[in-house]
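Single-structure report; data block below.
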Amino acid sequence: MTKNEKLLISCSVLFALASGMSAVFMNVFLYTYTGSLTVMALYTCIRMSIFPFSFTIAGKMARKISYGVTLSIGLIFLFYQLFFVLQFNYLFSINHNLIFLAAILSGLGEGFYYLSFNTLNQLVTSPETRADFLSISGILSNISNVAAPLISTFIISLSGSDINGYLNIFKIVLVVYGFISLLGIRIKAKGSSARFSVLKALTFQKDRQWRYVLLSHFLYGFRDSLILSLTGILVYNATNSSGSFYGKLLAFFSLLTIIAYAFASKLIKKHNRIKYYTYGAIFLSSASIILILFPNIYGALYYGIVNAIASPFYNVPFAIITMNALSDYSKTENLAGRIIAKEAYLTVSRCLGLLFIVLCEKVFPGNTYLYVSVLTLSVSPIILVIYSNFYHTKRENGKQSANQ
């Protein structure tokens, strides 16, 4: 494994630790001040909508500087978001709009970070090492995901109250973000200095493969809107709003994910990739459906266990297919435009999913909106793999016809 790969995995592992300690608890923390799932959905939607702009700015900057530096800039924005929450959290219950300012800072930081990280994944790996790189990164990141809630639970138990515990967690995460930014600067992988066009990459250009990549990301994002806004809070509510028990559940689920990633790395091969992709999608859809139909500890356990086991079999094939497709364009153009475009499609579907949740809340009485929104958005992985099976079957048939 190269130095750049090791540094990138180190950044990924530490970021998983920091975000695991803060991200889910950030939603719960803000939810305690607002008491509104729709406000939290709008918070996440605003955060996501910033991504295409921060992606583009980061991509333009990376033509002059390395992606390691733009990754570090993203972490600085996230640092300021946490600092803002720490300093002004007492005002959130008075003015909910301050939460949306926190969303903007988070969107800028995550946009810079994820554009840089996703591009570096492409630049520092090769098609031959990509599957192993993703599996190792997934296993180590999920070890961090196990450690994060355990550390968070320990901090909460020593803090006297959940709120004080969350604030102490955020302080520790600030330090971790600072260390990651130092590692990011050491990654020497500069993208192409050639110009790129995001607008051109946003179109299909009569390119079937690129159409497949963009539409896949569009379909992928709808279920993400549930994970980003509702499922964590629903699991938290199922634990009777116990921050300590919630953290222990997250640690257990992450441990299962590590085991699942280890199996996925052994089982998923080129010839059976789509099969496991399909199985993963079906079980992931069932996880959130069961959670909303049975909003108790049993539903939470089913969701967490099935989501943990199925996620690698859904996410790894999706990532490999995308990265292999991008490799086909790497020799002739600056990939930044295409990476920003696919992330923009992902962001649009995430925001549409979040807005759908808000719309359902306005239209349907009581908690009916939860059933309608969750059940509708949960089927998107199944729709995605149906489309993927159709595309890959048609492509393989086309290759066989050409060889005859």
Side-chain angles (χ1 to χ4, degrees), residues 16-17 19-29 31-32 37 40 138-139 141-157 162 165-166 169 222-264 267 276 278-316 357 367 369-382:
L17 178 67
S19 61
M21 290 176 66
S22 66
V24 175
F25 286 102
M26 176 69 78
N27 279 348
V28 172
F29 176 73
Y31 178 63
T32 60
L37 288 173
M40 292 310 303
I139 290 170
S141 293
N142 276 284
I143 290 174
S144 290
N145 289 337
V146 171
L150 292 176
I151 295 171
S152 298
T153 300
F154 179 69
I155 293 169
I156 291 170
S157 67
D162 282 2
Y166 300 152
I169 289 168
F222 284 108
R223 183 179 178 274
D224 271 9
S225 62
L226 291 177
I227 300 171
L228 292 165
S229 61
L230 290 184
T231 53
I233 293 173
L234 290 173
V235 172
Y236 177 74
N237 287 340
T239 66
N240 293 320
S241 302
S242 169
S244 178
F245 184 44
Y246 179 54
K248 291 175 182 176
L249 271 184
L250 293 183
F252 172 62
F253 297 154
S254 295
L255 181 61
L256 288 179
T257 306
I258 293 171
I259 297 170
Y261 263 105
F263 276 101
L267 294 175
Y276 283 114
T278 303
Y279 292 159
I282 293 171
F283 280 105
L284 281 182
S285 291
S286 76
S288 47
I289 290 172
I290 293 297
L291 177 62
I292 193 59
L293 293 179
F294 302 94
N296 51 38
I297 190 61
Y298 300 107
L301 285 171
Y302 180 88
Y303 168 81
I305 293 170
V306 172
N307 184 73
I309 295 172
S311 288
F313 293 94
Y314 180 64
N315 293 329
V316 170
I357 294 169
N367 285 333
Y369 83 95
L370 283 174
Y371 293 97
V372 175
S373 58
V374 173
L375 291 174
T376 302
L377 294 171
S378 292
V379 300
S380 58
I382 295 175

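Please read all numbers here as calculations on a predicted model, not as lab measurements. Here, residue 1 is the first one in the sequence, and each next residue gets the next number.
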Would a 4.5 Å heavy-atom cut-off, applied to side chains only, mark Val316 and Tyr261 as touching? yes

Working to the nearest 0.5 angstrom, can you tell me the gap between [X] [atom1] and [Y] [atom2]?
| X | Y | atom1 | atom2 | answer |
| --- | --- | --- | --- | --- |
| Leu301 | Ile290 | CG | CD1 | 12.5 Å |
| Leu293 | Ser378 | CG | OG | 9.0 Å |
| Thr278 | Phe313 | OG1 | CZ | 13.0 Å |
| Leu370 | Ile292 | CG | CD1 | 4.5 Å |
| Leu291 | Tyr302 | CG | OH | 11.0 Å |
| Ile259 | Ile309 | CD1 | CD1 | 8.5 Å |

Could you pull out all residues at least two apart from [X] that satisfy side-chain contact (heavy atoms from CB on, under 4.5 Å)?
| X | value |
| --- | --- |
| Tyr298 | Asn296 |
| Ser311 | Leu284, Asn307, Asn315 |
| Leu256 | Phe252, Ile305, Ala308 |

At their closest point, which heavy atom of [X] faces which heavy atom of [Y], and how far apart are they?
| X | Y | result |
| --- | --- | --- |
| Tyr369 | Ile357 | CD1-O, 3.8 Å |
| Leu267 | Tyr276 | O-CE1, 3.7 Å |
| Ile139 | Ala262 | CD1-CA, 3.9 Å |
| Ser288 | Val374 | O-CG1, 3.6 Å |
| Thr257 | Pro312 | O-CG, 4.1 Å |

Tell me if a side-chain donor or acceptor on Ser380 pairs with a main-chain N or O of Leu377 at a distance below 3.5 Å. yes

Flag if over 12 foreign heavy atoms under 6.0 Å of CZ, Phe283: no

